[in-house]
Amino acid sequence: MQKTEKTNNHIYVVLVKALTGLGKLARLTGNYEYTHIAVCLDEKLDKFYTFSRKKHYSPFDCGYMVETLDCYAFGKHQEVKLKVFKVPVSKTNKNKIEKYIENISNDSEYVFNFFSMITMTMLHGFKIYKAHNCMSFVSKVVELTDSVDMSKEYYKYNIKDIDNLLSKYFYKEAYFKKIKIEQKEYMKYVSIVKNIVYFIKLNAALIYRMIVKRKEKYE
């Protein structure tokens, strides 16, 4: 770990008590409260950078997302529980993080690493060419801060691991209320047929990359 420059720069790592059906199931089976994770670049905590579904009713239409509170407190839900870590970062490394996120946001090749996510408890994470899930994306950003010693590859950290890793930077844990609906299309219904198409396309992309792209350098 490099010594962090004396600075007022920070990033905010946010653990989310997801209110989705999958989130509730994960809490039952994993005995752990938080099931989603994102990064904020400032203290306003209003833009959450992550990898996730793009619509509530379409879990396989997923990838890089800039979420807002109404993605978490959706529909009838008016608030969501978040656990926030305030991680110090040098100006140089903050710029690296911002550039890393910008590059991903402008690269349409990035997809959601569904395979690593669903096998995390058994295989403990693995890389696929230009693919992230919320855990690997946030862990890579944490690695870029140089503010903690990471004892394993970034893609091997689950949400609970990150919670423990950042414990000394704990900032707040509270219920956050949505103020307005910013993601107008987020709750739009998606048909079963479209969901099947998204499922096939995502799996095909991941399988292709595992076979053809496995030897290429990537993050």
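None of the values given here were measured: they were computed from a predicted structure.
No side-chain heavy atom of Leu123 sits less than 4.5 Å from a side-chain heavy atom of Ser116. Side-chain atoms of Ser151 and Tyr157, non-hydrogen and from C-beta on, do get closer than 4.5 Å to each other. At a threshold of 4.5 Å between non-hydrogen side-chain atoms, the residues Asp46 and Ile179 do not count as touching.
A salt bridge is defined here as a Lys NZ or Arg NE, NH1 or NH2 lying under 4.0 Å from an Asp or Glu carboxylate O, and Glu33 with Lys81 meets this definition.
Paired with Met135 under the rule side-chain contact (heavy atoms from CB on, under 4.5 Å), one option of Lys156, Met117, Lys140 passes, and it is Met117. The side-chain hydrogen bond (donor to acceptor under 3.5 Å, both in side chains) test with Tyr34 singles out one residue from Glu173, Lys17, Lys83, and that residue is Glu173.
Annotation: Lys188, atom NZ; neighbour count of heavy atoms from other residues, nucleotides and ligands within 6.0 Å does not exceed 12. Crowding of Lys47 atom NZ: a count of heavy atoms from other residues, nucleotides or ligands under 6.0 Å not exceeding 12.
Between atom CZ of residue Arg53 and atom CD of residue Glu67 there is a gap of 9.5 Å, rounded to the nearest 0.5 Å. Going from atom CZ of Phe112 over to atom SG of Cys134 covers 6.0 Å, rounded to the nearest 0.5 Å. The distance from the SG atom of Cys62 to the CZ atom of Phe199 is 11.0 Å, given to the nearest 0.5 Å.
When all heavy atoms are compared, the tightest approach of Phe51 to Ile104 is CZ-CG2, 3.8 Å. The two residues Lys127 and Tyr155 make their nearest non-hydrogen contact at CG-CD2, 3.2 Å. Nearest heavy atom pair, residue Cys71 against residue Phe74, reads O-CD2, 3.5 Å. For the pair His36 and Ile159, the tightest heavy-atom approach, listed with the atom from each and the gap, is N-CD1, 3.4 Å.
A donor-acceptor pair is defined here as one N or O able to donate and one able to accept, closer than 3.5 Å; such a pair exists between the side chain of Ser147 and the backbone of Pro88. A side-chain donor-acceptor contact under 3.5 Å links Asp161 to the backbone of Asn158.
Relative ring orientation between His132 and Phe137 is described as perpendicular, the plane-to-plane angle rising above 60° on a 0-90° scale split at 30° and 60°.
The cationic group of Lys201 does not satisfy the cation-pi geometry with Phe60, failing either the under 6.0 Å distance to the six-membered ring centre or the 45° limit from the ring axis.
The side-chain hydrogen bond (donor to acceptor under 3.5 Å, both in side chains) analysis of residues 176-185, with sequence neighbours excluded, yields the pairs Glu79-Lys177.
Remark: Phe48 pairs with Tyr72 by the ring pair (Phe, Tyr, Trp, His ring centres under 6.0 Å) rule, at least two apart or across chains.
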